[in-house]
Amino acid sequence: MQPFPLLQGKKGLILGVANEHSIAWGCARTALAQGAELVVTCVNDKARPFVEPLTQAANTPLLTCNVEQADHLAATVEQAVQHLGGLDFVVHAIAWAPLEDLHGRVIDSSSTGFARAMEVSAHSFATLAHLCAPHMTQGGSLITMTYLGADLAVPHYGLMGPVKAALESLVRYMATELGPQGIRVHAVSPDPILTRAASGIDQFGDLMAKARAKAPLGRLVTLDEIAQLTCFLASDASSGMTAQTLYVDAGEHAVA
């Protein structure tokens with residue numbers, strides 16, 4: 001007897017697909033396999049040729065959404081709700097910082113660069129919750145992506161460390177505010193995985209090698225493993241959980 005799909009009948013919005021290696025696409029692929037109906041986004045028309053073949057093959061609508069553009073996020077949520085008829089879960093897999101600020105010391109970062117990184121990578125999650133919550137009438141889940149550099153000073157992670165720390169704090173406050181509505185909020189924290197966004201981090205190959213050597217499982221995790229945790233959090237199977245940062249990093253976070 002086949003198990004009942006974890007997300008059967010659930011409707012979700014997944015933001016931040018750049019290509020087939022994106023965490024967002026891994027989550028979308030797994031959610032679809034688990035029975036979800038989805039709308040997904042990429043950042044702009046330049047990214048569309050890398051994403052559209054994936055969504056067309058999956059018969060899934062693709063929208064463009066640049067959270068730095070006024071009203072893009074609101075229009076995206078409106079279109080997704082029109083197509084789906086409501087929302088049960090949202091996955092926010094968006095992170096960005098200007099390279100000149102990301103590659104330098106945190107103390108040398110510009111106020112403009114810091115603010116842009118915070119807007120794109122953290123505050124957009126709060127804005128997304130504000131826009132989506134009215135459409136999550138049966139409760140549901142809001143999930144974002146973080147990294148161990150929010151808690152530890154990881155070499156070369158730089159500006160994104162404080163930004164991800166703010167994002168994890170947002171998760172706790174948002175969970176407190178949205179809990180009475182039955183909306184749960186989580187952050188998923190994978191170990192380093194080579195995505196388009198991560199490729200902008202200086203010496204990222206060394207970061208991956210160190211994580212692999214440090215992890216009790218002796219390896220890095222896969223897109224599928226990240227997606228499986230995300231889909232669990234999006235499902236009713238996690239109905240008693242909220243306000244957490246959950247690691248899927250082969251145990252790296254537990255080792256000094």
Side-chain angles (χ1 to χ4, degrees), residues 1-17 23-41 55 58-63 65 67 71-94 122-146 167-189 224 226-246 248:
M1 185 177 181
Q2 292 294 320
F4 191 75
L6 199 62
L7 295 174
Q8 187 67 48
K10 298 293 187 184
K11 300 174 180 182
L13 171 62
I14 298 181
L15 296 97
V17 180
I23 289 175
W25 181 247
C27 293
R29 183 179 59 205
T30 300
L32 289 167
Q34 289 291 342
E37 184 180 357
L38 298 179
V39 171
V40 304
T41 80
T55 57
N59 195 28
T60 298
L62 173 65
L63 304 175
C65 180
V67 298
D71 301 327
H72 264 218
L73 203 49
T76 296
V77 172
E78 182 179 352
Q79 291 177 67
V81 170
Q82 286 178 355
H83 178 81
L84 297 169
L87 289 169
D88 297 301
F89 67 92
V90 180
V91 178
H92 172 274
I94 301 171
H123 188 259
S124 63
F125 187 47
T127 304
L128 186 64
H130 171 79
L131 294 167
C132 291
H135 304 289
M136 303 176 78
T137 56
Q138 303 301 313
S141 297
L142 299 168
I143 303 156
T144 190
M145 298 293 154
T146 186
L167 179 64
E168 291 186 14
S169 183
L170 270 175
V171 165
R172 294 185 288 273
Y173 279 90
M174 287 164 55
T176 301
E177 294 169 354
L178 294 172
Q181 193 175 324
I183 298 174
R184 298 170 283 118
V185 189
H186 287 296
V188 170
S189 184
D224 286 342
I226 299 167
Q228 287 162 12
L229 173 58
T230 303
C231 288
F232 165 72
L233 294 173
S235 77
D236 293 339
S238 62
S239 60
M241 301 167 60
T242 194
Q244 297 186 66
T245 295
L246 294 101
V248 53

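Note that the structure is predicted; figures quoted are calculated from it, not measured. In what follows, every heavy atom counts, from backbone to side chain, and hydrogens, waters and symmetry copies are set aside.
- Between Gly26 and Ala227, the shortest heavy-atom distance links the atoms O-CB, 3.2 Å.
- Between Met136 atom CE and Asp88 atom CG the span is 7.0 Å, to the nearest 0.5 Å.
- When side chains are defined from C-beta on, Trp25 counts as touching Arg29, because their heavy atoms get closer than 4.5 Å.
- Considering only residues two or more places apart in sequence or on other chains, His92 meets the ring-ring contact (aromatic ring centres under 6.0 Å, His included) condition with Phe125.
- Ile94 approaches Gly16 most closely through the heavy-atom pair CG1-CA, 4.1 Å.
- Closest approach of Ala129 to Leu178, counting heavy atoms only: CB-CD1, 4.2 Å.
- Using a distance-only test at 3.5 Å, with no hydrogens or angles considered, a donor-acceptor pair links the side chain of Gln181 to the main chain of Ala133.
- Atom NE2 of His130 has 12 or fewer heavy atoms from other residues, nucleotides or ligands within 6.0 Å.
- A donor-acceptor pair is defined here as one N or O able to donate and one able to accept, closer than 3.5 Å; no such pair exists between the side chain of Thr242 and the backbone of Arg184.
- In this structure, Glu37 and His83 approach most closely via the heavy-atom pair OE2-NE2, 3.9 Å.
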Margin query: For Val188 and Val248: C-alpha separation, side-chain torsions, deciding distance, then whether side-chain contact (heavy atoms from CB on, under 4.5 Å) applies.
Written below: CA-CA 7 Å; Val188 170; Val248 53; 3.8 Å; yes
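- Expressed to the nearest 0.5 Å, how far OG1 of Thr230 lies from CD1 of Ile14 amounts to 8.5 Å.
- Within the 4.5 Å cutoff, side-chain heavy atoms of Val39 are placed close to those of Leu63.
- Atom CG of residue Leu13 and atom CG of residue Leu84 lie 7.5 Å apart, to the nearest 0.5 angstrom.
- Under the 3.5 Å distance criterion, the side-chain polar atoms of Ser238 are matched with a main-chain donor or acceptor of Phe232.
- Within the 4.5 Å cutoff, the side chain of Cys231 has no heavy atoms near those of the Gln228 side chain.
- If you take OG1 on Thr41 and NE2 on His72, they are separated by 11.0 Å, rounding to the nearest 0.5 Å.
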Next item on the list: Could you go through the side-chain contact (heavy atoms from CB on, under 4.5 Å) check for Val67 and Thr127 one step at a time?
Entry: CA-CA 9 Å; Val67 298; Thr127 304; over 6 Å; no
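- By the side-chain contact (heavy atoms from CB on, under 4.5 Å) test, Ala36 is found to be paired with Leu7, Ala31, Leu38, Phe89, residues two or more places apart in sequence or in another chain being considered.
- If you take CG on Leu87 and NZ on Lys10, they are separated by 12.0 Å, rounding to the nearest 0.5 Å.
- Closest of all the heavy-atom pairs between Ala28 and Val40 is CB-CG1, 4.0 Å.
- The CG atom of Leu233 lies 5.0 Å from the CD1 atom of Ile143; values are rounded to the nearest 0.5 Å.
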Next item on the list: Go through Val81 and Lys11 one step at a time and tell me if the side-chain contact (heavy atoms from CB on, under 4.5 Å) criterion holds.
Entry: CA-CA 9 Å; Val81 170; Lys11 300 174 180 182; over 6 Å; no
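- A heavy-atom distance below 4.5 Å is found between the side chains of Leu73 and Leu15.
- Across all their heavy atoms, Ala122 and Leu167 have their closest contact at CA-CD1, 3.9 Å.
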